Amino acid sequence: MSEEKKSLNFIEQIIEEDLSKGLDKSKLRFRFPPEPNGYLHIGHAASICLNFGLGQSYNAPVNLRFDDTNPTKEEQEYVDAIKQDIKWLGFEWAEELYSSDYFQQLYDWAILLIKKNKAYVDDQSSDEIAVQKGTPTQVGSNSPFRDRSVEENLALFEKMKNGNFEEGSHVLRAKIDMSSTNMLMRDPIIYRVLKKSHHRTGNDWNIYPMYDWTHGESDYIEQISHSICTLEFKNHRELYNWFLDQVYDDNNLRPKQREFARRNLSYTVMSKRKLLQLVEEGLVNGWDDPRMPTISGLRRRGYTPKSIRDFSETAGIAKRDNVTDIALLEFHIKSELNKITPRVMAVLDPVKVVITNYPENKEEILIAENNPEDENAGTREIPFSREIYIEKEDFREQANKKFFRLKLDKEVRLKNAYIIKANSVVKDENGEINEIHCTYDKDSKSGSGSEASKRKVKGTIHWVSIEHAVQAEVRLYDRLFTDEAPDSHKDKDFKEFINPYSLKIIKNAYVEPSLKSAKIGERFQFQRLGYFNVDDDSKTEHLVFNRTVPLRDSWAKMEQKK
RNA sequence: UGACCCAUGGUGUAACGGUAGCACUCCGGUUUUUGGUAUCGUCAGUCAAGGUUCGAAUCCUUGUGGGUCAACCA
């Protein structure tokens with residue numbers, strides 16, 4: 001076999017370089033560090049696949065670390081959901097850890113910082129500190145409290161910790177450089193007073209560490225070799241390294257932060273803040289609404305873990321901002337579902353067909369292939385009778401030669417059944433077609449091997465036997481937004497681009513009887529229509545299907561062009 | 001009037017000084033009892049200008065365009 005050299009992404013190249021410079025392969029260790037303040041989305045999936053993928057290819061441990069340093073926003077509900085989503089995606093973490101596990105160590109190190117005269121307690125308000133910070137083009141100025149004695153700082157910090165100060169009254173700051181061109185280096189805040197109960201540490205702490213102080217030190221504690229985050233943290237790297245310098249010991253591994261571009265998807269939004277807004281304002285039905293780009297939404301929609309992993313792999317990673325075409329995600333889900341889903345027949349917009357030369361009480365069982373893509377998928381039985389439903393749009397009284405479906409005086413094949421010819425229509429007082437009267441060629445039964453069955457008829461349409469069909473609810477989804485990048489418009493709110501037709505509910509669809517026992521989560525291809533799964537709301541007496549994604553429809557495309 | 005990062009077909013990525021490749025999308029053909037699938041094919045790209053070099057997408061300079069940074073958020 002010719003082994004084709006797979007090109008490495010830039011993170012892998014950095015790792016290879018470190019390895020070639022002498023880093024022991026057994027020292028490789030990664031982490032995925034979500035804040036438990038929302039649900040994971042397809043953008044996180046990129047990071048998850050990257051980190052856990054590196055773990056797999058280098059046989060290195062990957063920790064799941066909840067970055068829970070802000071008790072005002074974090075909840076156990078999110079912790080549970082995040083764990084479920086990662087598992088569902090097919091990954092296993094080495095250890096489940098929490099930044100809050102390190103609160104004591106972080107506190108001890110802060111004391112050390114004070115003793116080294118590299119941190120001080122500032123009594124100023126948040127506004128005063130902000131003013132002193134300057135602007136990107138203007139240097140900041142020193143706090144009047146910057147030169148407090150070590151003893152005083154120690155005493156004050158102790159008081160902060162003990163709850164003797166009110167929120168907002170005091171902070172601990174690193175003493176770095178108020179004139180740095182990097183705003184983050186202008187004496188960043190390390191600790192703030194927050195008298196809030198934490199989802200894990202309860203009321204143990206009155207002070208909580210900030211992200212920058214926490215993240216690098218946590219990486220160090222866990223001996224993470226490569227700490228991979230998104231581009232907006234690029235400017236934090238200098239501070240990450242400064243904090244590391246304060247505690248670093250030569251005998252240990254020194255973590256390295258590297259940044260890649262977050263993955264954006266067209267026709268949706270990806271920020272947790274905006275997704276939360278959609279949920280809270282009732283614009284969608286929760287975090288797992290099938291229109292949401294969340295992992296739980298995609299799961300409910302019928303996406304498979306593999307399709308999401310394949311998508312992440314194909315999209316790749318790099319350092320430039322991007323908006324990936326959602327068609328790529330759809331390509332991967334269609335490609336997988338094509339291979340694995342059983343084909344069934346369902347009619348979403350029914351019109352009645354009467355086969356006038358078919359005996360009134362007769363019913364016969366036809367055999368249908370479950371999946372032409374899978375020889376082992378077997379066959380199933382489908383009942384056929386005199387009265388059936390077909391899709392309204394599969395019939396026209398008159399149409400040109402391009403219309404490969406049922407029309408007056410022309411023939412069409414009923415999938416897995418007979419060739420029929422339309423003879424007449426029965427209309428109501430409004431001119432709506434109530435019934436289509438057809439005759440069938442009784443020798444043309446599919447698979448019978450007869451001459452008639454081998455006749456070439458241009459079109460094949462799906463159907464269900466009225467007497468045997470099961471009524472079902474079908475939910476059709478379209479993209480949530482009408483704009484490719486709804487949050488890229490400076491003058492417009494992203495919600496202005498919400499697609500009012502993103503959800504269409506069909507109450508009276510009819511599915512073939514084999515679906516009567518379909519279970520929640522099961523996936524099917526409704527032939528000629530798309531891929532569907534059974535929604536969480538589904539019950540035996542009231543089946544509910546979601547359309548995961550439609551089939552490619554070149555006919556619809558042709559029609560549209562006209 | 002700052003610092004840092006980025007710039008390859010419509011989209012996402014590869015090429016690590018030596019033939020600009022892959023995938024998606026779009027468009028067209030063939031096959032087909034799904035207008036699906038499969039299969040074949042077409043269109044289409046190195047931000048600009050200089051420089052270094054036998055040779056530049058790649059290195060350098062300048063410019064242009066985009067992004068990030070002034071939360072007691074992460």
Side-chain angles (χ1 to χ4, degrees), chain A residues 6-9 13 33-35 37 67-70 72-74 99 122 125-126 129-131 133-140 167-173 180-184 186 189-194 207-208 210-212 214-215 229 231-238 259 261 263 266 272-273 311 314-332 334-335 338-339 343 345 369 372-373 402-405 412-417 419 446-447 453-462 484 525-530 550-558:
Chain A
K6 194 178 150 281
S7 66
L8 303 176
N9 65 47
Q13 287 178 23
E35 182 188 12
N37 68 341
D67 216 343
D68 55 350
T69 58
N70 184 356
T72 63
K73 285 161 67 183
E74 295 148 8
S99 296
D122 197 328
S125 70
S126 155
I129 291 176
V131 170
K133 215 154 204 184
T135 71
T137 55
Q138 222 171 1
V139 298
E167 285 185 17
S169 65
H170 295 73
V171 290
L172 183 71
R173 292 227 258 167
S180 170
T181 51
N182 184 348
M183 298 287 292
L184 288 158
R186 324 244 260 226
I189 291 167
I190 307 178
Y191 272 97
R192 76 282 214 190
V193 175
L194 232 42
I207 53 171
Y208 289 91
M210 299 288 289
Y211 165 83
D212 288 295
T214 307
H215 205 92
C229 59
L231 240 34
E232 66 268 27
F233 290 98
K234 180 69 222 263
N235 293 345
H236 292 244
R237 191 147 115 195
E238 193 180 359
E259 311 81 14
R263 174 87 24 217
S266 61
K272 273 191 202 168
R273 207 194 90 240
F311 165 73
T314 316
I317 67 148
K319 287 170 82 166
R320 70 181 113 145
D321 299 312
N322 60 80
V323 182
T324 302
D325 194 339
I326 192 161
L328 185 62
L329 215 211
E330 291 175 346
F331 164 77
H332 284 288
K334 280 190 273 195
S335 153
N338 175 49
K339 290 182 200 107
R343 317 284 126 133
M345 293 198 283
E369 209 179 8
E373 303 293 317
K402 290 276 178 64
F403 187 78
F404 305 155
R405 304 177 183 191
V412 78
R413 168 159 315 264
L414 295 173
K415 178 79 183 168
N416 300 124
I419 295 169
S446 290
S453 75
K454 291 177 186 162
R455 281 168 50 207
K456 293 280 178 203
V457 178
K458 192 57 198 171
T460 301
I461 62 174
H462 60 276
E484 243 182 61
Q525 185 197 87
F526 289 1
Q527 279 177 121
R528 301 210 303 134
L529 297 174
L551 252 29
R552 198 172 138 217
D553 189 348
S554 38
W555 163 250
K557 228 171 236 178
M558 240 169 72

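We use all heavy atoms of the structure for the numbers below, so side chains are in, but hydrogens, waters and symmetry mates are not. Letters A, B, ... are given to chains in the order of the sequence lines, protein chains preceding strands, and every chain is numbered from 1. Treat the numbers as computed from the prediction; the structure is a model and nothing was measured.
Comparing B:A74, B:G35, B:G12 by their nearest atom to the side chain of A:Phe404 picks out B:G35. Distances from the side chain of A:Arg320 to the nucleotides B:G36, B:A15, B:A7 place B:A7 closest. Distance from the side chain of A:Trp555 is smallest to B:G35 among B:U34, B:G12, B:G35.
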Stepwise side chain to side chain donor-acceptor pair (under 3.5 Å) check, A:Asp67 with A:Ser99 = CA-CA 5 Å; A:Asp67 216 343; A:Ser99 296; 2.9 Å; yes

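Sequence order on RNA chain B of the closest nucleotides to A:Val193 and A:Ala417 puts A:Ala417 first from the 5' end. Heavy-atom nearest nucleotides on RNA chain B were determined for A:Arg263 and for A:Val457, and the one closer to the 5' end corresponds to A:Arg263.
Contacts of A:Asn37 with the nucleic acid, taken as non-hydrogen atoms under 4.0 Å apart, are absent. When heavy atoms are screened at a 4.0 angstrom cut-off, A:Phe526 is found touching no nucleic acid atom at all. Using a 4.0 Å heavy-atom criterion, one finds that A:Gln527 contacts the bases of the nucleic acid, with or without backbone contacts as well. Contacts of A:Gln525 with the nucleic acid, taken as non-hydrogen atoms under 4.0 Å apart, include base atoms. At the heavy-atom level, A:Thr324 lies under 4.0 Å from the strands shown only through sugar-phosphate atoms. Counting any heavy atom pair closer than 4.0 Å across all strands shown, A:Ile461 reaches no nucleic acid atom. Across all strands, A:Arg343 comes closer than 4.0 Å to base atoms (heavy-atom distances). Residue A:Pro372 is classed as a base contact, given a heavy-atom separation below 4.0 Å to a base. If you check every strand for non-hydrogen atoms under 4.0 Å, A:Thr69 touches sugar and phosphate atoms only. Across all strands shown, A:Gly530 has no heavy atoms under 4.0 Å from either base or sugar-phosphate atoms. Looking at heavy-atom distances under 4.0 Å, A:Val323 makes contact with sugar-phosphate atoms alone, never a base. Across all strands shown, A:Lys339 has no heavy atoms under 4.0 Å from either base or sugar-phosphate atoms. Within 4.0 Å (heavy atoms only), A:Arg186 reaches no atom of the nucleic acid at all.
Scanning for ring pair (Phe, Tyr, Trp, His ring centres under 6.0 Å) contacts around A:Phe311 gives an empty result, with sequence neighbours left out. Evaluation of the salt bridge (charged side-chain N to carboxylate O under 4.0 Å, His left out) rule for A:Arg528 yields A:Asp394 as partners, not counting sequence neighbours. Scored by the ring pair (Phe, Tyr, Trp, His ring centres under 6.0 Å) test, A:His215 finds A:Tyr211 as partners (sequence neighbours excluded).
A donor-acceptor contact under 3.5 Å is formed by the side chain of A:Glu373 with the base of B:G36.
Of the side-chain N and O atoms in A:Lys272, none sit less than 4.0 angstrom from OP1 or OP2 of B:A74. Between A:Arg237 and B:C5, a side-chain N or O to OP1/OP2 separation shorter than 4.0 Å is absent. Dashed line: the shortest gap from a side-chain N or O of A:Arg192 to OP1 or OP2 of B:A74 is under 4.0 Å. Distances shorter than 4.0 Å separate some side-chain N or O of A:Arg528 from OP1 or OP2 on B:G35.
Comparing B:C54 with B:A49, their C1' atoms are spaced 23 Å from each other, to the whole Å. Taking atom C1' on both B:A74 and B:C27, the two are 45 Å apart, rounded to the nearest angstrom. Taking atom P on both nucleotides, B:U33 is separated from B:C24 by 26 Å, rounded to a whole Å.
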Pairs under 3.5 Å (Watson-Crick or G-U), crossing ones as [ ], inter-strand ones as |: RNA chain B comes out as .((((((..((((....[..))))..((((.......)))).....(((((..]....))))))))))).....

Produce a footprint string for nucleotides 66-71 of chain B: one letter per nucleotide, 5' end first; B if the base is under 4.0 Å from any protein heavy atom, S if only the sugar-phosphate is, - if neither.
-> -SBSB-

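In this structure the side chain of A:Met210 never reaches within 4.5 angstrom of the side chain of A:Val171, judged on heavy atoms. Using a 4.5 Å cut-off on side-chain heavy atoms (C-beta onward), A:Asn70 and A:Leu194 make contact.
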Filtered N/O pairs between nucleotides 17-26 of chain B and protein, under 3.5 Å:
residue : atom : partner  : partner atom : Å
B:C26   : OP1  : A:Lys557 : NZ           : 2.6

